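Quick caveat, the model's predicted, so the values are computed rather than measured. Numbering of ligands and ligand atoms starts at 1, following listing order. The figures here come from the full heavy-atom set of this structure, side chains too, leaving out hydrogens, waters and symmetry mates.
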Amino acid sequence: MDSALASDQGAVYLPQTVRTAAKLLVVGHFAVGKTTFVGSLSEIRPLRTEETMTQAGALIDDLAGIEEKTTTTVAMDFGRLTLSESLVLYLFGAPGQQRFTRMWKDMTHGALGALVLADTRRLEQSFPVMAVLEEQGLPYAVAVNHFEGAPRFAETEVREALDLLPETPLVTCDARDRISSTHALIALVQYLQARHTR
Ligand SMILES: Nc1nc2c(ncn2[C@@H]2O[C@H](COP(=O)(O)OP(=O)(O)OP(=O)(O)O)[C@@H](O)[C@H]2O)c(=O)[nH]1
Ligand SMILES: [Mg+2]
C-alpha cells in the first residue's frame, strides 16, 4: 500500500493550507525504537542527538536482543509530518535512558499527546514511562514495536500486561517502516481528536 500523505507532495516547506500544528511526543524505554520511528516518519531530515554509548553504561543499559546498537539519544529527536492539507505534526522523540527522565518530563509542555513505544520482550519497562505521562496528564496511545524474535501476544494479553484503560489505543508497528509507523501515529491522532470532540 502506498500512502497519500500531504508530505508526499515532496515539499520541505509547509503548505499554506496548514491551519493546525500539533506537538506530539514519541516516548518509551531505552532502545525501543523511538529515534528509528521519528526518522521513518519525518519529511524533513530529522534532528538527532545520538552519542556513542560507553562501557560505563554497559551495566545499566540492557542491550539484550539489540547488540548492534552503539548510540543513544542524549537530548531529543525532532521530525515533522504533514498529515493532511491542514494538519502538521511536530514529533519530539524522547531519550530512553532513565537518567534523562526529568528532561523529557519538560518536553511534555505544550504537547497534545504521546505515543508510547513498547517491546514485548520488556513490557515492564514501559510502566515508568506511562507513569510520567499520567503524572503529567498527557493522553497517550501505545504501539508495540515488533522486533524479530520478540514474543507475539494477543492484544488482550498486552492490554492486561500493561494495565491499559479500555479507551487507550493499542497498535502494533515496525518503527523502521514509514507506512506502519504512520498508522501508529494516526491511531494516536484519532484518539486525541475523539477526546477533544467528546
Ligand atoms: N528489528 C527491529 N529493529 C528495530 C526496530 N526499531 C528499531 N530497531 C533497531 O533497534 C535499535 C534501537 O533503535 P533506536 O531507534 O535507537 O531506539 P531508541 O528508543 O531511540 O533508543 P534510545 O534513544 O537509546 O532510548 C536500532 O539498532 C534500530 O535499528 C524494529 O521495529 N524492528
Ligand atoms: Mg533514541
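Between Y90 and F78, the angle of the ring planes stays under 30°, which puts this pair in the parallel group of the 30/60° scheme.
Ligand 1 lies under 4.0 Å from heavy atoms of F30, A31, V32, G33, K34, T35, T36, I66, E68, K69, T72, T73, G96, N145, H146, F147, E148, D174, A175, R176.
Around the Mg ion (ligand 2), the protein N, O or S atoms closer than 2.8 Å are T35 OG1, T73 OG1, listed by chain and residue number.
No more than 12 heavy atoms of other residues, nucleotides or ligands lie within 6.0 Å of CD in Q16, so this atom counts as exposed by the packing criterion. In Q98, the CD atom is not crowded: 12 or fewer heavy atoms of neighbouring residues, nucleotides or ligands sit closer than 6.0 Å.
Residues E85 and V18 have side chains not in contact (no heavy-atom distance under 4.5 Å, counting atoms from C-beta outward).
When all heavy atoms are compared, the tightest approach of M130 to L162 is CE-O, 3.6 Å. Among all heavy-atom pairs drawn from I44 and S42, the shortest one is O-OG, 2.7 Å.
Applying the salt bridge (Lys or Arg N to Asp or Glu O under 4.0 Å) test to R195 and every residue at least two apart in sequence or in another chain returns E167. By the side-chain contact (heavy atoms from CB on, under 4.5 Å) test, V189 is found to be paired with L24, L83, L87, L89, Q193, residues two or more places apart in sequence or in another chain being considered.
Taking the charged nitrogens against the carboxylate oxygens, K105 and E135 do have a contact shorter than 4.0 Å, which makes a salt bridge.
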